[in-house]
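Working notes, beginning with the structure itself.
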There are 2 protein chains.
Amino acid sequence: MDRDQKDRDDEASAHERPTLKTLAFMTGLGVTTVSRALKDAPEIGAETRRRVQLVARQIGYRPNRAGVRLRTGKTNVISLVLNTEREIMSFVSDIIYGVSEVIADTPYHLIVTPYSRSQDPLDPVKYLVESGSADGVIISRTQPNDPRARYMLERGIPFATHGRTDMGLVHPYHDFDNYAFAAEAVRHLAGIGRRRLALVAPPVGLTYYGHTVNGFADALGETSASEVPFNTVSIDQSIDQIRTRTAQLMRRDVRPDGFVSSAAAATLAVVAGIEDAGLKLGRDVDVVSKQSSELLHLFRRELLVVNEDFRLAGTELARAVLGWIGGAAPGSLQTVVKPGDVVAYRG
Amino acid sequence: MDRDQKDRDDEASAHERPTLKTLAFMTGLGVTTVSRALKDAPEIGAETRRRVQLVARQIGYRPNRAGVRLRTGKTNVISLVLNTEREIMSFVSDIIYGVSEVIADTPYHLIVTPYSRSQDPLDPVKYLVESGSADGVIISRTQPNDPRARYMLERGIPFATHGRTDMGLVHPYHDFDNYAFAAEAVRHLAGIGRRRLALVAPPVGLTYYGHTVNGFADALGETSASEVPFNTVSIDQSIDQIRTRTAQLMRRDVRPDGFVSSAAAATLAVVAGIEDAGLKLGRDVDVVSKQSSELLHLFRRELLVVNEDFRLAGTELARAVLGWIGGAAPGSLQTVVKPGDVVAYRG
DNA sequence: TCAGTATACTGAAACGTTACAGATTGCCAA
DNA sequence: TTGGCAATCTGTAACGTTTCAGTATACTGA
């Protein structure tokens with residue numbers, strides 16, 4: 001079978017996916033010209049360019065990802081690395097939606113790379129980098145000294161972290177200002193007369209644990225309120241654990257009359273614990289909690305909430321990685337979002 | 001630069017990713033032999049095979065996905081097609097975790113393909129098929145006559161649906177038995193003396209809307225209870241809408257004394273509506289609700305719940321697609337999971 | 001001895017793309 | 001007329017893999 005015969009076959013079999021060769025045959029040009037024309041290269045005549053692009057659009061040409069990837073090494077993939085522990089009211093769907101929204105009109109695909117808590121969090125990142133499976137990576141559960149960030153920085157692969165690091169290295173991130181959140185929560189509680197405050201903290205080890213604890217402590221210092229230590233609890237414990245320990249705490253002589261909680265799920269447990277101890281929200285104790293969906297006010301009207309938008313986190317993180325891939329300076333791709341006001345139930 | 005020189009370079013630059021050529025050079029064999037040896041082809045000597053596999057393991061060889069994909073057309077990708085409307089307490093993270101769990105020890109990657117409600121749901125599926133971006137697809141929000149399933153069946157691409165279709169076509173699916181759920185819920189409510197029941201139904205148009213409505217109606221027929229129509233509400237409406245309409249309903253003369261709710265988020269709204277009308281859960285009205293996380297009993301102890309496991313849905317759906325890709329008969333990859341008992345708050 | 005055959009291996013081609021190094025044409029200045 | 005140059009276009013090679021069509025060697029049976 002000679003070359004012309006082959007091309008005619010390509011053309012004839014209407015249900016094969018069109019390739020550059022198909023376009024080349026249809027336009028009477030060479031594949032190189034077609035390739036260059038489609039990406040608006042300067043050395044292609046204006047009319048030729050228009051002609052090629054027209055035909056391409058007509059027959060629904062889409063570049064073969066494998067071909068591009070093999071030739072250029074560009075995967076057109078962003079990977080979101082996720083811990084897969086089952087969590088009540090997980091925010092990962094919001095992040096995914098946010099990321100999706102941003103990459104929707106780009107050639108990028110989003111792949112989800114999971115790891116279980118028993119694994120080293122570095123494993124999935126290593127896999128991605130070594131197997132060259134993605135052009136960019138998004139990680140969460142960021143630590144002050146994060147081996148994953150260090151590793152990717154060494155290997156030169158673009159990434160963004162949900163939460164900041166503290167290693168003196170510069171990379172893109174998006175973060176919620178948890179220092180401000182905790183401080184504002186404390187001020188609000190002090191403002192409504194609460195004097196003994198407990199903190200339901202983020203997981204020890206994550207960067208925003210420190211931010212939250214500091215915001216809590218610093219704001220306490222401005223007021224006449226004091227801290228009731230509650231270090232045995234953090235928001236990644238089970239509902240039952242948090243609930244039990246809250247109930248124990250609330251049965252003690254010196255019990256808190258205010259809580260600051262870093263997550264809505266933990267708040268549900270805390271409230272249950274408070275009620276287990278026979279106390280009443282809004283009367284004996286107030287709770288300020290972060291939430292990512294308008295849920296807590298349905299749960300108990302007395303709750304005081306601050307909203308954190310994880311969909312926004314997703315869009316910002318995606319923008320950051322794409323920005324880095326696109327050549328922007330990593331240092332220019334860092335955002336911190338301020339919390340809104342503490343809001344009480346409105347009618 | 002001659003061939004040997006080139007190979008030595010490949011070997012020398014220790015940080016390049018090893019390819020079949022690297023392996024061929026190291027073992028002194030041809031690339032073809034190495035390729036065959038790695039996949040246990042029969043015409044390769046036992047010792048050679050072992051030797052190649054040893055070296056491959058030592059240097060951490062991983063087949064280049066783009067190379068494989070270009071040559072064979074196999075993408076090693078499963079796509080999960082998702083509607084990206086912001087939902088309170090979304091279950092998509094559970095499904096993702098379930099799918100991830102199953103594909104973790106396979107070469108498959110999971111890509112998330114989103115579409116917004118304004119789009120035709122067929123669009124993302126068409127894109128996937130036309131661009132050949134996945135070996136298998138998982139879709140949800142399945143309809144009795146589902147154009148996406150029909151389309152993929154025509155194109156011969158393996159897929160699984162979350163929820164059944166009703167087109168006389170056979171394909172893999174996983175479903176929760178919503179008929180049984182609704183029926184069981186009605187029987188339970190009747191059993192505790194409730195006489196006027198309302199249904200908070202799934203979105204009209206989805207297959208499980210029919211299942212739920214039928215289970216509700218059939219079980220009602222067995223009892224002396226009757227239905228209070230509540231057709232203006234379905235679970236994909238906003239919290240505020242459901243809440244308002246529930247409150248309106250509960251202020252009428254003939255109001256329900258029992259609800260069956262197909263989703264936890266809707267249940268929160270229904271309860272709020274009930275309380276807005278000045279009525280009390282457990283005394284004036286009982287609610288049986290599905291939930292996917294142990295959340296509702298923290299919300300109100302009086303709620304009656306039935307659990308639906310979306311992580312299981314994820315694992316079953318993934319198994320189904322992989323099974324079909326692996327050559328199993330589509331008809332053998334259909335599962336329906338029975339609901340557990342209606343459970344009240346336990347101590 | 002020799003053809004026949006099983007065993008173990010191999011090079012070349014192809015998948016679709018892009019980068020590189022030309023090739024062709026027309027036009028202009030000298 | 002000719003050399004030079006800009007403007008367009010083109011073929012070839014390469015990315016890493018698998019498939020195809022072999023080849024070389026040793027063993028078998030008659």
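Per chain, numbering begins at 1; letters A, B, ... match sequence-line order.
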Notebook entry, point to check: With respect to the phosphate group of D/dT18, does any side-chain polar atom (N or O) of B/S35 fall under 4.0 Å of OP1 or OP2?
Noted result: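 It does, given that an N or O in the side chain of B/S35 lies less than 4.0 Å from OP1 or OP2 of D/dT18.
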
[X] has an atom [atom1]; how far is it from atom [atom2] of [N], in whole Å?
{"X": "B/K21", "N": "C/dT10", "atom1": "NZ", "atom2": "P", "result": "16 Å"}
{"X": "A/R65", "N": "C/dT17", "atom1": "CZ", "atom2": "P", "result": "13 Å"}
{"X": "B/L29", "N": "C/dT7", "atom1": "CG", "atom2": "P", "result": "19 Å"}
{"X": "A/E16", "N": "C/dA14", "atom1": "CD", "atom2": "C1'", "result": "14 Å"}
{"X": "A/R36", "N": "D/dG11", "atom1": "CZ", "atom2": "P", "result": "15 Å"}
{"X": "B/R62", "N": "D/dC15", "atom1": "CZ", "atom2": "P", "result": "22 Å"}
{"X": "A/E43", "N": "C/dG22", "atom1": "CD", "atom2": "P", "result": "16 Å"}
{"X": "B/R17", "N": "D/dG16", "atom1": "CZ", "atom2": "C1'", "result": "9 Å"}

Notebook entry, point to check: Do other residues, nucleotides or ligands put more than 12 heavy atoms under 6.0 Å from the NZ atom of B/K126?
Noted result: no

Note to self: Counting only heavy atoms from other residues, nucleotides and ligands, does the tally under 6.0 Å from CD of B/E43 exceed 12?
What the structure shows: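 Enclosed.
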
Can you figure out which of [options] approaches the side chain of [X] most closely?
{"X": "B/T19", "options": "D/dT17, C/dT17, D/dC9", "answer": "D/dT17"}
{"X": "B/T33", "options": "C/dT10, D/dC9, C/dT18", "answer": "C/dT10"}
{"X": "A/T32", "options": "C/dT17, C/dC9, D/dG11", "answer": "D/dG11"}
{"X": "A/R71", "options": "C/dA12, D/dA14, D/dT17", "answer": "D/dA14"}

Next item on the list: Would you mind classifying the nucleic acid contact of B/G30 as base, sugar-phosphate or nothing, using non-hydrogen atoms under 4.0 angstrom?
Entry: sugar-phosphate

Note to self: Using a heavy-atom cut-off of 4.0 Å across all strands, would you classify A/T72 as base, sugar-phosphate, or nothing?
What the structure shows: sugar-phosphate

Margin query: Based on the rotation axes of five pairs at each end, what angle does the helix from C/dT1-D/dA30 to C/dA30-D/dT1 bend through, to 10°?
Written below: 60°

Just by distance, do the side chain of [X] and the backbone of [Y] share a donor-acceptor pair under 3.5 Å?
{"X": "B/S90", "Y": "A/S93", "result": "no"}
{"X": "B/S35", "Y": "B/V31", "result": "no"}
{"X": "B/R65", "Y": "B/P107", "result": "yes"}

Check: On DNA chain C, nearest-nucleotide positions of B/G45 versus B/L70: which is more 5'?
Finding: B/G45

Check: For the residue pair A/F310 and A/H162, does the interplanar ring angle fall in the parallel (under 30°), tilted (30 to 60°) or perpendicular (over 60°) class?
Finding: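 Geometry flag for A/H162 against A/F310: perpendicular rings.
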
Check: If you find the nucleotide of DNA chain D closest to A/I44 and the one closest to A/V31, which residue's nucleotide is nearer the 5' end?
Finding: A/I44

Next item on the list: Decide yes or no for B/I138 and B/V81: does some side-chain heavy atom of the first lie under 4.5 Å from some side-chain heavy atom of the second?
Entry: no

